[in-house]
Amino acid sequence: MSRWKGLPDSLDQRVRQLVVQLRRLKDHSGLSLVSLAARTSYSKSSWERYLNGKKLPPREAVVALARVCDADPTRLLALHEVAAQAWGAAAAPEAGRAADPPDPADPADPADPADPPDPGGGADATGAGEGAPRPAGGPRVRTGSLVVLAALGVVVVAAVALLIVRPWQQDAAGRGTADGAAGRTAGAVPAFTHRVGETFDCRLTRTPGGLSAGRSRTTTAILGSGATGWDVVEAQCLLHHHGYDPGPVDGIVGENTQRAVKRLQAGAGLPTDGIVGPDTWQVLRR
C-alpha cells in the first residue's frame, strides 16, 4: 500500500475528504501513478498533484479514476461538487493570479519511470487537457444571464406601461354619452361615476337573456331610492321601452324613476313598492 504525504494543513476539510476517498480508491485498486497515467488521459505528475491536495482534480479525472478502478462514481462526484465550491471560495481572494501556477519539478521517483507523453501534445503542461479552471482574476460575464435579465426588464416595463395606460383607456372610452358604453359587456364597463347633468342614450337589443340596453346584465340587483350605477341606467332604459317615463336617464333612482317602477309593477300585478328586484327585472327584460 502507498505511503501518502500528509495533506496541507490549509486544505479545506471538504477538499480533504474528496482527496482521502480518491487515495483509498487508488490504493484498493493496487495501481501506481504510472499505471493511472497509462489508463487515463492525465499524466503521472497530474495524479500526484490531485492526490496530494495541490490541485483540485477536474470532474472528468474523478470519473476516469472510478472507471479504471471499477467503482461507482456517484458518491465521488457528490464529494467533488462540494469540494469544488470550497476550492473556488478559497481561490477567490487571489485575484489576478493564475488558477494553476506552475509546480516545481516533481521529486525523483525511483519506483516509477519517466512520465509518458500525454495525449494531445503535452496538455498537462498547460492544464488545458485537465480541464484546468480559468484564472481567478475576475468573474466571467455569461451571455445567457444577460439575456434573461434583459427579457425580465422588458416584461417589467411592459407591465408598468399597461397599468398606466389601461385605466386611462377605460375611463376615456366609458365617460360621457351612452355611445361610450353602449353594447359593451358587463366585464368591460368602467366604474360608474355620476356627473351633474350627465345623461345616457338607450339602445335596446334582444339577447338570449331578454331585452338589454347594454349597460348591465343583472337580473337580481335591488334598486331602491337613491341607488346609482349602470344597473340603474339599464332599468331606466328598459322602463322607457315599456312606456313608463323614469325622467332623465342619469343612473340615479329618484322620484320619477320610483313612480315609473310602481306603474310598471301595478301593470304586471306585482307589489307596488317602487323597488326594482328580481321579479321586476323579469318584467323589464320581456
Side-chain angles (χ1 to χ4, degrees), residues 1-109 112 115-142 144-145:
M1 182 172 292
S2 302
R3 282 191 144 185
W4 294 104
K5 299 176 184 178
L7 295 174
D9 294 336
S10 60
L11 194 64
D12 187 278
Q13 183 62 33
R14 290 164 289 185
V15 181
R16 184 184 298 269
Q17 186 175 4
L18 172 65
V19 173
V20 169
Q21 293 301 321
L22 294 178
R23 284 181 172 184
R24 288 178 180 173
L25 187 59
K26 183 262 183 191
D27 290 342
H28 183 72
S29 69
L31 297 173
S32 66
L33 296 179
V34 174
S35 299
L36 282 179
R39 298 190 183 191
T40 66
S41 59
Y42 302 91
S43 69
K44 169 180 168 287
S45 58
S46 295
W47 283 115
E48 190 276 332
R49 288 195 295 270
Y50 300 155
L51 297 174
N52 283 288
K54 298 178 182 178
K55 181 179 177 182
L56 183 70
R59 188 176 187 275
E60 292 76 10
V62 175
V63 174
L65 179 61
R67 177 177 54 81
V68 299
C69 295
D70 295 326
D72 184 0
T74 303
R75 184 170 182 271
L76 292 175
L77 290 177
L79 293 174
H80 181 272
E81 182 177 355
V82 175
Q85 295 175 357
W87 191 276
E94 302 179 7
R97 292 183 55 190
D100 186 18
D103 292 327
D106 292 331
D109 188 350
D112 294 323
D115 292 345
D118 293 336
D124 181 64
T126 61
E130 304 172 22
R134 61 178 178 269
R140 184 173 62 187
V141 178
R142 296 187 177 180
S145 299

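The two atoms that bring A83 and V15 nearest to each other are O-CG2, 3.7 Å, heavy atoms only. Of all the heavy atoms in A37 and S43, the pair that sits closest is CB-C, 3.7 Å. Between L25 and A66, the shortest heavy-atom contact is CD2-CA, 4.0 Å.
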Could you walk me through whether Y50 and K26 pass the side-chain contact (heavy atoms from CB on, under 4.5 Å) test, one step at a time?
CA-CA 12 Å; Y50 300 155; K26 183 262 183 191; over 6 Å; no

Any chance you could lay out the side-chain contact (heavy atoms from CB on, under 4.5 Å) test for Y42 and L65, step after step, and finish with the verdict?
CA-CA 10 Å; Y42 302 91; L65 179 61; over 6 Å; no

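Pairs of residues two or more places apart, or lying in two chains, that qualify as salt bridge (charged side-chain N to carboxylate O under 4.0 Å, His left out) and include a residue from residues 6-19 are D12-R14.
Screening L77, L56, V82 for a side chain to side chain contact (heavy atoms under 4.5 Å, CB included) involving L18 leaves a single residue, L56. With respect to W47, the side chain to side chain contact (heavy atoms under 4.5 Å, CB included) criterion is satisfied by exactly one of N52, V34, L22, L33: L33.
Enclosure of atom CD in Q85 by more than 12 non-hydrogen atoms of other residues, nucleotides or ligands within 6.0 angstrom is indicated. The number of heavy atoms from other shown groups lying within 6.0 Å of CZ (R23) is above 12.
The CG atom of L36 sits 7.0 Å away from the CG atom of L51 when rounded to the nearest 0.5 Å.
In this structure, the side chain to side chain donor-acceptor pair (under 3.5 Å) partners of T74, at least two apart in sequence or on a different chain, are D72. With sequence neighbours excluded, the residues that form a side-chain contact (heavy atoms from CB on, under 4.5 Å) with Q17 are R75, L79.
A salt bridge does not link E81 with R59: every distance from a Lys NZ or Arg NE/NH1/NH2 to an Asp or Glu carboxylate oxygen is 4.0 Å or more.
Without hydrogens or angle criteria, H80 side chain to P57 main chain gives a donor-acceptor distance under 3.5 Å.
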